[in-house]
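Presented below is the structure to which this report refers.
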Amino acid sequence: MRKVVKKQVLLQGNEACVEGALMAGCRFYAGYPITPATEIMEIMAEKMPETGGVFIQMEDEIASLGAVIGASLAGMKSMTATSGPGFSLMQEHIGFAGMAEVPCVIVDVMRAGPSTGLPTQLSQGDVMQARWGTHGDHPIIVLAPSSVYEFFELTVQAFNLSERYRTPVILLVDEVVAHMREGVILPAKNSLEIEERPHPTVPPEWYIPYADPGTGVPPMPAFGDGYRYHVTGLYHDVRGYPTVRTDEVEPLIHRLFTKISKDFDRLQWFDAFETEDARVTVIAYGCVARAAHRAVRQAREKGLKVGLIKLKILWPFMRRTISGILANSQKVLVPELNVGQISREVKRVNESRCEVVTLNKVDGTPIKPAEILQKLGEIYS
Amino acid sequence: MRKVVKKQVLLQGNEACVEGALMAGCRFYAGYPITPATEIMEIMAEKMPETGGVFIQMEDEIASLGAVIGASLAGMKSMTATSGPGFSLMQEHIGFAGMAEVPCVIVDVMRAGPSTGLPTQLSQGDVMQARWGTHGDHPIIVLAPSSVYEFFELTVQAFNLSERYRTPVILLVDEVVAHMREGVILPAKNSLEIEERPHPTVPPEWYIPYADPGTGVPPMPAFGDGYRYHVTGLYHDVRGYPTVRTDEVEPLIHRLFTKISKDFDRLQWFDAFETEDARVTVIAYGCVARAAHRAVRQAREKGLKVGLIKLKILWPFMRRTISGILANSQKVLVPELNVGQISREVKRVNESRCEVVTLNKVDGTPIKPAEILQKLGEIYS
Amino acid sequence: MSNTKVSSLKNPRYEIRIAGAGGQGIILAGIMLAEAGIIQDLCVAQSQSYGPETRGGNSISEVILSNTEIDFPQSTELDVLIALTQVACDRNLPDMKEGGLVIVNSDAVQRVLWDSLVSIPFEEIARKVGETRAVNVAALGSLVPFCPLLDRRALTRAIASRLPSTKLEANLQAFDKALRFARRAKGRLKYAGITEEYEI
Amino acid sequence: MSNTKVSSLKNPRYEIRIAGAGGQGIILAGIMLAEAGIIQDLCVAQSQSYGPETRGGNSISEVILSNTEIDFPQSTELDVLIALTQVACDRNLPDMKEGGLVIVNSDAVQRVLWDSLVSIPFEEIARKVGETRAVNVAALGSLVPFCPLLDRRALTRAIASRLPSTKLEANLQAFDKALRFARRAKGRLKYAGITEEYEI
Amino acid sequence: MRQTEHLVHKYLRSSKRFPHIWCAGCGIGIFMQALIRVIDQNEYSKDDIVLISGIGCSGRLPVYVDFNTLHTTHGRALTFATGIKLANPRLKVITVMGDGDAVAIGGNHFIHAARRNVEIASFVLNNSVYGMTGGQSSPTTPYGVITASAPYGNLEPDFDICRLAEAAGAVFVARATVYHTQLLDRLIDKALKKKGAAVVEVVSQCTTYAGHFLKLKSPVDMMKWQKNNSVTVEKAKQQSEAELEGKIVIGVLVDRERPSYHEQYQSLLAEKSKI
Amino acid sequence: MRQTEHLVHKYLRSSKRFPHIWCAGCGIGIFMQALIRVIDQNEYSKDDIVLISGIGCSGRLPVYVDFNTLHTTHGRALTFATGIKLANPRLKVITVMGDGDAVAIGGNHFIHAARRNVEIASFVLNNSVYGMTGGQSSPTTPYGVITASAPYGNLEPDFDICRLAEAAGAVFVARATVYHTQLLDRLIDKALKKKGAAVVEVVSQCTTYAGHFLKLKSPVDMMKWQKNNSVTVEKAKQQSEAELEGKIVIGVLVDRERPSYHEQYQSLLAEKSKI
Amino acid sequence: MNKVEIYRGWCKKCDICIAFCPQKVLEADEESYPTVVSPEKCTGCLLCEMRCPDFAIVVNKDEESRKETGPAAGK
Amino acid sequence: MNKVEIYRGWCKKCDICIAFCPQKVLEADEESYPTVVSPEKCTGCLLCEMRCPDFAIVVNKDEESRKETGPAAGK
Ligand SMILES: Cc1ncc(C[n+]2csc(CCOP(=O)(O)OP(=O)(O)O)c2C)c(N)n1
Ligand SMILES: Cc1ncc(C[n+]2csc(CCOP(=O)(O)OP(=O)(O)O)c2C)c(N)n1
Ligand code: SF4
Ligand code: SF4
Ligand code: SF4
Ligand code: SF4
Ligand code: SF4
Ligand code: SF4
Ligand SMILES: [Mg+2]
Ligand SMILES: [Mg+2]
């Protein structure tokens with residue numbers, strides 16, 4: 001392949017998200033406007049018809065995710081984007097997508113909550129909601145970018161994971177990452193690996209829609225492909241038909257979890273800076289990770305042995321990676337734009353290996369490098 | 001007072017809930033039918049008019065909680081009841097009630113999820129959702145009864161806490177507790193302490209609706225009482241008017257949390273059985289606590305030093321109590337009808353003091369005493 | 001909060017399950033039985049389960065009766081199972097206590113592999129009294145001779161409190177008929193360990 | 001994933017903020033500035049904030065320009081603040097780097113307590129060129145003499161790419177006028193530490 | 001003579017699931033048979049049909065039939081249907097909803113689907129009650145009657161589903177009862193062929209719950225009631241409002257032309273698509 | 001001569017909040033003044049008025065006026081209003097909603113409130129656009145126009161809010177524009193006095209976003225458009241459908257009597273209440 | 001002669017077929033199942049088949065009826 | 001004479017009052033604020049006041065207008 005030297009382009013985070021979706025093969029967008037996610041919808045309104053895809057503005061967020069799931073069942077890679085209040089409304093359908101194993105991507109550009117909160121201000125308050133917002137036991141995948149490029153990249157990956165595991169994937173983005181502009185170099189069209197949901201290889205007569213092919217992820221035809229099957233939010237047997245039999249229910253729930261958890265090793269996505277000899281490690285994500293990056297640099301300049309782990313996947317929680325960090329650091333610092341959400345998880349997996357320190361801000365403004373630097377200074381010993 | 005010897009009555013859990021609500025002074029119910037919570041609505045439809053209260057069936061669960069919050073603002077103690085799918089739909093309004101500090105009680109009779117799941121089957125799958133279901137940082141109080149009488153009692157207490165702290169309170173109930181019948185002796189009308197939301201004592205001109213009176217809980221007049229004020233889901237200043245000023249936002253969020261957290265000591269509600277010398281302690285709630293109770297008895301008969309902590313409050317998580325247990329036991333066993341939700345919290349506060357063992361079931365059937373007994377036998381050492 | 005020492009397990013605890021199809025009044029029968037326990041001031045716990053098909057599916061109702069606090073409110077090992085259909089019988093047999101008693105509706109249950117077995121034509125009885133829906137109350141009648149904790153008068157009071165007066169007469173007739181059937185059957189029982197235990 | 005050693009902080013990083021009222025085209029100005037950076041192949045990060053009142057409230061737009069990767073994409077200490085209103089000036093002064101440069105719109109800002117200060121009549125300039133909405137582009141013009149990383153031609157190209165051609169002419173005139181104003185002002189500056197730093 | 005095979009067997013999924021879960025005499029089965037009959041008459045390919053329901057007794061229909069079937073969440077069938085139709089316009093998209101499903105919790109999607117005019121044939125099985133959850137009032141429960149959630153009588157007036165669909169913009173609106181099977185066939189046929197949002201209200205009986213409060217004891221009584229209370233659109237035109245009070249007007253109520261959403265979208269694609 | 005005090009000052013909360021956040025020429029302020037005027041004329045006590053809004057530009061209205069005010073969630077104002085009215089029937093309950101608020105996300109509550117007939121006076125400020133979020137299409141955006149979310153033109157037909165309210169059962173339905181201030185006053189007055197669910201559609205201008213796509217440059221142009229395109233109900237009766245195409249029919253469209261929900265509930269209470 | 005067949009395995013004894021047969025061809029037997037009492041009266045109108053909620057009744061038309069009203073409900 | 005007062009602090013220069021005054025009493029000044037140019041023509045019809053979205057204009061009626069049309073918009 002001839003390598004073309006590509007030039008930087010100036011993109012807003014939300015624009016980069018759309019670019020990522022297009023590159024991943026997204027061909028259906030349904031949404032409802034809400035600050036600070038609206039740009040994604042508006043750009044999609046322009047881009048979808050150009051790419052032969054479908055854009056539709058629905059009557060609310062519930063309808064938006066309903067349409068997205070429908071379109072995905074009809075074979076299109078589909079997504080929607082919203083913010084806190086709309087994300088709360090989508091919870092029932094997120095559970096449906098999980099249960100019926102319908103790939104789809106949901107962007108939540110977080111704004112300060114609870115409730116209407118501060119629509120234009122910064123927050124990372126929906127981290128736990130993204131994991132636990134819908135009722136009942138369910139696994140979920142949640143990605144969190146910290147730069148415009150990463151928003152692009154993780155959007156592509158969100159589609160990939162969603163297709164690979166037949167599961168809804170959530171992109172949890174803060175207002176800074178969504179609205180800032182950075183220069184990015186977008187990769188060439190074919191340079192990224194794009195994954196597609198597994199398709200049945202057997203003829204329709206042999207197709208058993210929810211039987212485990214070994215990977216935990218049953219092949220998925222599109223409605224209209226000739227594989228007529230039944231999709232439901234009820235507990236179902238391998239054919240998709242409702243069941244209350246414990247010997248059918250239990251394996252289903254088990255499979256929903258293990259299809260993802262068996263790949264935990266593959267799902268440790270992070271960037272590490274200077275962690276090898278770090279006595280204090282910062283664990284951060286989203287725009288806070290950027291502040292932490294600078295703070296760590298500044299601290300190193302001063303001779304402090306500190307490092308940074310920037311999480312790109314928030315859920316499933318990277319127990320493995322974090323455990324390693326906790327084992328090697330004396331202290332970890334978890335700065336967050338909430339009252340402490342990921343820090344709870346860090347504590348959970350900590351098992352008193354080291355001291356977990358938090359730094360929290362909930363007034364709608366960013367955590368600055370100086371604040372992290374100061375905290376690092378305080379706890380460094 | 002003349003003491004009347006009261007006789008047992010046979011009550012279903014959901015009936016006991018209504019009795020508790022009536023005793024607590026509930027005078028408004030809005031709801032939408034859903035298995036397995038429907039009885040609460042149906043009984044309310046009969047009882048509310050008899051007690052001079054208001055019953056209304058709304059068009060969905062979002063509307064139900066909207067009406068409940070409205071009625072509470074107009075001065076009535078109000079409640080609704082639902083199950084998983086409806087509970088997911090209520091999430092936006094739960095956040096609103098939290099932000100606007102409107103007392104209300106929400107019953108979630110859990111059914112097996114995610115999605116439509118197993119409408120008639122047993123589960124404890126909504127424990128984390130009850131805590132984290134709505135977007136943004138917010139505190140919440142969640143109670144979990146394990147018997148018909150406790151359902152009555154905790155319903156009374158749900159109203160009390162809700163009024164005391166001006167916060168939504170969630171009753172998380174499993175299908176067994178909701179649907180079984182037990183003989184209970186209801187206390188006399190005036191024998192229970194019934195709390196009312198703090199009312200302003202100053203004249204309307206002096207009233208500042210969201211100023212902290214020291215307790216963290218500002219007095220709350222009813223609409224129509226002459227104290228005209230503004231209620232919003234936006235971040236607001238002490239007068240209730242929208243603000244983005246960090247020096248107004250931060251104290252608001254802080255107060256929302258501390259008004260409850262300052263009373264953590266008062267909110268350690270549990271029953272302990274044989275915990276004093278226990279080498280293994282079971283931590284359980286809801287119907288599982290009943291099975292655990294029997295299992296612990298049986299184990300003691302066999303000479304095993306085991307005990308049980310039955311949680312009545314799930315959130316805020318009883319860190320204090322559990323830490324005590326963890327410090328004194330060698331192992332704890334957390335049996336749950338989910339893939340492990342409260343056990344995560346136990347691990348979080350554990351700090352490797354002892355081994356946390358889980359026992360989980362997600363097939364819609366109960367955990368039996370024998371299963372717990374067997375596990376106790378296995379891990380006892 | 002309290003930290004109690006749990007009491008001994010040596011308390012009699014009597015577990016009864018009625019099983020059949022939706023629409024047979026099984027849950028109501030369970031409630032009546034529990035209500036009788038209440039009238040006798042026993043500790044009671046009643047629960048039920050049914051499939052998503054409330055109408056026509058398999059349905060069970062159970063009652064625990066005890067002199068002291070009931071810890072676990074559902075059955076662990078059934079002292080008595082009343083099975084009104086073949087399916088109900090087949091599905092519920094595995095939950096029996098060893099030596100427990102199975103009472104079946106002879107009009108619907110043909111095959112049962114259980115020692116301590118009593119067969120009573122509940123449907124026939126109900127038809128005879130002119131109230132085909134009295135099968136559930138008849139089933140309750142059959143319990144009386146076997147369940148030492150249960151007082152016949154309390155049970156009839158409980159039944160009366162839950163039925164419209166127009167239907168009461170026929171139902172009580174069915175109750176009595178079934179009770180008499182059961183008494184006779186009891187004499188013929190090869191082995192009925194559990195009942196003996198309390199019958200002093 | 002990668003575990004990189006972070007590079008030294010000794011990289012020039014230039015923080016510019018434009019502040020004013022909603023509707024003054026401030027965000028667009030920020031984007032043009034960032035776009036200029038892109039054209040010059042610099043690393044850039046542009047961000048903005050505004051109140052819930054998108055229309056009329058206080059609005060700011062900032063651009064970080066750097067030769068190397070930008071870790072933290074928002075300002076830490078401003079090298080340059082352009083304030084188009086008095087409120088904007090008052091609110092944003094606390095974020096200045098010591099010795100940084102403040103450029104104010106002399107038509108709207110009267111009081112400023114800052115040493116290194118340049119005052120330019122942006123509104124007057126815009127009116128003169130017959131395009132009252134050119135205030136934002138004029139503001140960009142004023143930056144050129146002070147910001148060593150910034151190339152004038154790149155900036156005009158960026159401006160051209162984001163404006164309708166009918167408005168371009170007048171805007172570029174405003175740009176030039178403001179640039180000339182700024183050049184003259186630079187000569188008179190008592191102290192302009194930050195600019196010197198890079199001006200070699 | 002060999003046993004004749006019922007037409008439905010060509011379309012049923014597996015006889016293991018039968019008899020179906022609906023109560024004796026429930027109208028849902030009658031509608032289901034009619035739907036199958038019309039689909040068969042039109043020789044639609046099973047592969048091209050997507051049948052979508054919400055939650056409720058009527059929501060259980062799709063599981064029985066061998067199409068692409070989707071049992072969604074309560075009230076939201078039309079939102080999924082919209083996504084499916086737009087994603088693959090070749091598919092024939094059909095929704096089956098209960099009255100509660102369609103116009104209680106789902107009322108908003110109902111009016112928006114009618115307005116937006118995506119080509120979906122919708123059938124609202126109106127039994128005037130929440131059947132699945134045990135007989136509570138629905139928005140179509142008649143005023144005054146006693147239900148499980150209105151022990152003292154329903155204080156709310158009922159929706160006219162067809163008027164709502166018309167006011168919201170549906171291009172085809174019709175009503176039949178399950179008694180009037182032949183009319184039902186014709187209306188299903190028209191709805192399936194309509195290019196746009198088509199709504200057919202199917203007045204049905206919930207024999208278990210609605211019979212009780214409507215004081216109609218048996219399925220037969222309920223269907224007699226349907227027969228005796230129905231007036232055709234043609235006749236209704238000659239009657240006064242007072243005469244029509246409490247009557248079921250059956251037949252085609254609205255049949256108008258408007259380009260459907262997906263047709264328009266296809267034109268947009270033809271114009272804008274760069275691939 | 002001393003400065004005359006504007007009537008609104010009796011009702012505004014604090015002049016610190018002014019000028020209000022709405023754009024120059026936005027119609028919301030005109031409606032707000034009319035509402036205050038009518039309330040003043042009727043000498044309602046401020047303590048008895050509860051003013052409820054959803055989210056949107058129009059949702060910002062309550063914060064300015066000195067009543068019991070409630071700014072709820074997007075689309076749900078009527079649900080809160082229902083709870084308030086039933087909990088304390090003495091209160092005069094008023095909702096103010098945007099078009100998106102009332103009939104996009106809130107459409108279901110809108111039709112159910114109309115059906116249920118709880119005594120609430122609702123005002124839908126219809127500016128044919130989502131103002132607050134920056135000019136996307138709403139369900140009342142005219143067909144074909146270009147908006148922030150319809151860069152190639154809106155493919156969806158628009159709702160007639162009043163027809164929807166009527167079909168759903170509202171007992172009072174009327175329409176005015178903010179140009180027709182005197183009519184607006186009269187309709188507000190009637191709505192506030194109606195015993196039941198009253199809906200007034202207030203055609204208003206979003207000068208910042210809707211002006212753009214309607215090709216009307218200034219607030220003045222938009223109000224002229226309102227003036228020139230309006231037809232009174234009386235005149236409309238004499239015109240054909242074709243003549244009325246694209247016209248705004250103003251005046252009282254429906255005014256009928258039906259006992260309100262809370263009146264009926266009060267009778268129920270009188271009968272059943274044991275206290 | 002038209003032949004009306006009833007499949008008891010699915011029939012729920014709702015009586016609908018009996019009540020609405022225009023020719024009174026059907027009656028309930030002692031177990032309440034519909035049964036054909038006057039086969040000769042059957043015109044093959046198919047109403048019983050079409051109205052059976054449980055697909056438990058099927059009418060096998062004779063040649064004559066077929067000619068008049070078409071082969072079967074579905075075709 | 002009727003007195004029309006404009007409060008510039010709140011006026012957003014939308015021109016509505018100017019455009020719709022039936023008597024052309026108002027005009028925009030050089031700063032675009034509405035200003036009274038023909039006070040004598042004002043009939044006290046209050047339309048300017050009622051249509052001002054910002055409550056920035058208030059009409060103080062003279063005795064005569066009061067008699068004819070009532071005291072003020074609100075009363
Ligand atoms: C969000 C949600 N709320 C409530 C329910 C419970 N529910 C299931 S079906 C149903 C109503 C069914 O009534 P209808 O739609 O008329 O259907 P029918 O059973 O009468 O056919 C309800 C309320 C649910 N499944 N999901
Ligand atoms: C659940 C939810 N979804 C979306 C939003 C974002 N939002 C705020 S206002 C609005 C629309 C406003 O339009 P309209 O109701 O017509 O009011 P206007 O601003 O035009 O007065 C939207 C979509 C929200 N706040 N909550
Ligand atoms: S409950 Fe009613 S609607 Fe449901 S299956 Fe039975 S008869 Fe039909
Ligand atoms: S955006 Fe439109 S609706 Fe909102 S205040 Fe401005 S003009 Fe009014
Ligand atoms: S086909 Fe017609 S005539 Fe023959 S049995 Fe059926 S309903 Fe009667
Ligand atoms: S209509 Fe069908 S189900 Fe009903 S009695 Fe006749 S054959 Fe049986
Ligand atoms: S009161 Fe009437 S005439 Fe006088 S200025 Fe105002 S609009 Fe013109
Ligand atoms: S109408 Fe009001 S805001 Fe508009 S120009 Fe006149 S006084 Fe100013
Ligand atoms: Mg129904
Ligand atoms: Mg609007």
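These numbers come from the heavy atoms of this one structure, side chains and all, not from hydrogens, waters or symmetry mates. Here is the naming used below: chain letters follow the sequence lines, and residue numbers restart at 1 for every chain.
- With chain F as partner, the option from H:I18, H:D54, H:D15 having the largest number of non-hydrogen pairs under 4.5 angstrom is H:D54.
- Looking at F:R60 and F:S53, their side chains never bring a donor and an acceptor atom within 3.5 Å of each other.
- When the candidates H:G9, H:C14, H:A19 are compared by the number of heavy-atom contacts under 4.5 Å with chain F, H:C14 comes out ahead.
- In this structure, the ring of F:H20 has its center less than 6.0 angstrom from the ring center of H:F55.
- For the residue pair F:Q41 / F:R37, no side-chain donor-acceptor distance below 3.5 Å is found, with atom types taken as modelled.
- Using a 4.5 Å heavy-atom cut-off against chain H, the contacting residues of residues 224-235 of chain F are F:K224.
- If you measure heavy-atom distances from F:T181 to chain H, the contacts under 4.5 Å come from both the backbone and the side chain.
- Within the structure, no pair that satisfies the salt bridge (charged side-chain N to carboxylate O under 4.0 Å, His left out) test touches residues 24-33 of chain F, not counting sequence neighbours.
- With ring centers used as reference points, F:Y130 lies 6.0 Å or more from F:Y209.
- With a 4.5 angstrom heavy-atom cutoff, F:I36 does not touch chain H via any of its atoms.
- For the residue pair F:D189 and F:N42, a side-chain donor N or O sits within less than 3.5 Å of a side-chain acceptor on the partner.
- Of the two parts of F:F31, neither the backbone nor the side chain holds a non-hydrogen atom closer than 4.5 Å to a non-hydrogen atom of chain H.
- Of the candidates F:I39, F:T95, F:L61, F:L61 is the only one forming a side-chain contact (heavy atoms from CB on, under 4.5 Å) with F:L51.
- Residue contact with chain H, scored on non-hydrogen atoms closer than 4.5 Å, involves the backbone and the side chain of F:V220 alike.
- Between the side chains of F:T140 and F:D158, no donor-acceptor pair is found at a separation under 3.5 Å.
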